[in-house]
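Remarks on the structure that follows.
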2 protein chains.
Amino acid sequence: MQTSTRDRIVVAAARLLQRQGYVGTGVKQIAQEARATLGSVYHFFPGGKEAVAVAAIEHSGREFAALLATALDSRPDPAEAVDACARLLAEELRASGWIDGCPVTAAALETLGTDSEIQRACAAALHDWERLVADKLLRGGFPADTAGELATTVISTLEGAEVTAQVRRAEEPLLAAGRQLARLLRSYEIAPAEAR
Amino acid sequence: MQTSTRDRIVVAAARLLQRQGYVGTGVKQIAQEARATLGSVYHFFPGGKEAVAVAAIEHSGREFAALLATALDSRPDPAEAVDACARLLAEELRASGWIDGCPVTAAALETLGTDSEIQRACAAALHDWERLVADKLLRGGFPADTAGELATTVISTLEGAEVTAQVRRAEEPLLAAGRQLARLLRSYEIAPAEAR
DNA sequence: CGGTCTCTAAAACGAACGCTCTATCCAGAG
DNA sequence: CTCTGGATAGAGCGTTCGTTTTAGAGACCG
């Protein structure tokens with residue numbers, strides 16, 4: 001077999017969670033989409049649905065982090081790099097028919113009241129992404145304190161713009177967010193040669 | 001009876017939708033929370049669960065619009081006004097124990113694949129909020145085209161920052177977003193006296 | 001070959017889901 | 001008073017949920 005059953009379950013769960021959220025996704029549906037059986041799911045994930053979701057979110061988190069890192073490294077200037085991220089997100093979102101948004105937002109919002117492991121996984125993914133942006137800003141010469149606050153805002157804005165773009169079924173919100181974020185970063189007027 | 005049964009159903013549904021999303025909220029739970037019975041719910045909303053959700057989202061949309069308008073009008077300067085919005089959201093979010101976030105995001109994300117009336121209601125609410133911000137910017141002297149793009153970005157950023165704040169259980173993301181949005185608006189250096 | 005272990009397969013459980021249905025209540029019109 | 005129609009009440013429909021359970025398939029070691 002090409003890919004292991006366990007991996008197929010994680011990948012299928014990740015996509016379904018991204019599209020329908022945690023409550024909206026059934027275990028049987030995950031098994032079917034992964035071309036596995038219910039028994040296999042509970043064999044690999046004795047923790048049940050929640051354990052599958054945690055693994056799926058961690059998978060999505062790593063996947064998105066890799067995409068983010070690629071986009072950020074595509075331009076040396078942080079402002080241009082952030083704008084490139086927004087444009088890449090817009091492109092992928094439209095290609096998916098506006099349904100493949102942020103892989104953790106939907107699951108995170110649904111499980112806020114219930115102190116589950118899912119929240120912890122979502123928070124970890126978010127923190128990971130912010131760290132990638134903060135590193136880019138630091139390498140671009142931003143001071144440490146403003147880099148942290150800016151990274152938080154960049155991720156928040158991209159997150160919100162993605163949701164807005166999905167609801168509106170248009171790329172505009174993401175493109176606008178990219179342009180405005182780039183303008184915001186440039187307003188700090190960091191000397192580009194200051195990179196360590 | 002003080003408040004009508006119908007109103008109690010809408011209000012209860014709005015709060016439950018905000019906290020648990022559409023799929024996570026049951027019709028029986030709505031009835032119980034509203035101190036109504038299942039029969040009453042289906043009497044006032046023959047369209048079933050979806051009809052209740054649409055009414056609840058429209059209610060939440062109007063409620064949030066009023067809150068937004070108040071915060072925006074509290075300061076004459078658009079930059080300060082947007083920052084005030086972020087601080088108000090942070091305060092309310094913390095007061096609710098980080099569970100009462102944006103009233104439409106959760107429901108919107110869950111129903112993206114299904115072309116239901118719920119999406120339309122969410123999109124209408126978002127558009128309404130953006131219009132409020134855009135009006136404020138226009139009154140502050142911003143040119144029409146940049147006011148529109150900025151309003152979209154402001155709402156997106158607040159939306160994303162609210163989600164981040166909920167997941168992190170901290171006000172920081174919202175406060176940072178407010179500060180950075182204010183800085184972004186000030187970067188346009190609009191003459192404050194230009195307001196008509 | 002027998003024995004063992006991982007993995008797959010599917011039936012079945014109680015609980016909860018959205019919704020329909022009938023019965024009852026009760027204010028106001030005649 | 002009776003009659004009527006909006007509002008309330010809740011039992012029960014079929015379905016799906018997450019999970020458990022039992023049985024079998026296939027590979028590996030002695």
Side-chain angles (χ1 to χ4, degrees), chain A residues 1-57 106-107 109-111 113-119 121, chain B residues 1-57 106-107 109-111 113-119 121:
Chain A
M1 188 169 304
Q2 185 158 325
T3 59
S4 76
T5 302
R6 203 197 118 103
D7 285 350
R8 272 184 287 121
I9 292 172
V10 170
V11 171
R15 187 173 51 203
L16 290 174
L17 247 58
Q18 181 179 29
R19 299 187 176 181
Q20 345 180 63
Y22 179 68
V23 223
T25 301
V27 179
K28 288 175 183 173
Q29 188 185 11
I30 294 175
Q32 182 177 340
E33 192 83 6
R35 281 172 297 124
T37 62
L38 212 50
S40 301
V41 175
Y42 282 94
H43 171 75
F44 289 109
F45 301 94
K49 185 182 181 179
E50 181 170 325
V52 178
V54 169
I57 288 170
L109 281 180
E110 283 176 322
T111 57
T114 74
D115 57 340
S116 64
E117 279 294 305
I118 298 179
Q119 281 188 82
Chain B
M1 191 169 299
Q2 186 158 325
T3 59
S4 77
T5 304
R6 203 198 119 103
D7 286 350
R8 271 184 287 121
I9 292 172
V10 170
V11 170
R15 186 172 51 202
L16 290 173
L17 247 58
Q18 180 179 28
R19 298 187 176 180
Q20 345 179 60
Y22 180 70
V23 226
T25 301
V27 180
K28 287 178 183 172
Q29 188 186 10
I30 293 175
Q32 183 178 340
E33 193 82 7
R35 282 170 298 124
T37 62
L38 209 51
S40 299
V41 175
Y42 282 94
H43 170 75
F44 289 110
F45 300 94
K49 184 181 181 180
E50 181 170 325
V52 179
V54 169
I57 287 170
L109 281 181
E110 283 176 321
T111 57
T114 75
D115 58 341
S116 64
E117 278 294 305
I118 299 179
Q119 281 188 82

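Note that this is a predicted model, so its numbers are computed, not measured.
Using a 4.0 Å heavy-atom cutoff across all strands shown, B:G39 reaches at least one base atom of the nucleic acid. Within 4.0 Å of A:Y42, counting heavy atoms only, lies at least one base atom of the nucleic acid.
Side chains of A:V52 and A:K49 form no contact here, defined as non-hydrogen atoms less than 4.5 Å apart. Contact of the B:I57 side chain with the B:L17 side chain is registered, since non-hydrogen atoms from C-beta on lie closer than 4.5 Å.
B:K49 has its NZ atom 15 Å from the P atom of D:dT16, to the nearest Å. Atoms CZ (A:F45) and P (C:dT8) sit 12 Å apart, rounded to a whole Å. Nucleotide D:dT8 holds its P atom 13 Å from the CG atom of B:L38, rounded to whole Å. Rounded to whole angstrom, the span from the CD1 atom of B:I30 across to the C1' atom of C:dA16 amounts to 15 Å. The distance from atom CD of B:Q32 to atom P of D:dG10 is 12 Å, rounded to the nearest whole Å. C:dG18 atom P lies 14 Å from atom CD1 of B:I9, rounded to whole Å. Between the CZ atom of A:F44 and the C1' atom of C:dA9 there is a distance of 13 Å, given to the nearest Å.
When each of C:dT20, C:dA11, D:dG18 is scored by its nearest atom to the side-chain atoms of A:V27, the top-ranked nucleotide is D:dG18. With distances taken from any side-chain atom of A:H43 to the nucleotides D:dG18, D:dG10, C:dT8, the minimum falls on C:dT8. You'll find that the side chain of B:K28 is closest to C:dG18, out of C:dG18, D:dG6, D:dG18.
Here the CG-NE2 distance, from B:L38 to B:H43, works out to 13.5 Å after rounding to the nearest 0.5 Å.
Residue B:T5 places none of its side-chain N or O atoms closer than 4.0 Å to OP1 or OP2 of D:dA7. Put simply, B:S40 has no side-chain N or O that comes within less than 4.0 Å of OP1 or OP2 on D:dA7.
Looking at A:Q119, its side chain does come within 3.5 Å of a backbone N or O of A:T111 through a donor-acceptor pair. Here the side chain of A:E50 pairs a donor or acceptor atom with the backbone of A:E117 at under 3.5 angstrom.
Comparing A:R35 and B:E50 by the nucleotide of DNA chain C that holds the closest heavy atom to each, the one mapping nearer the 5' end is A:R35.
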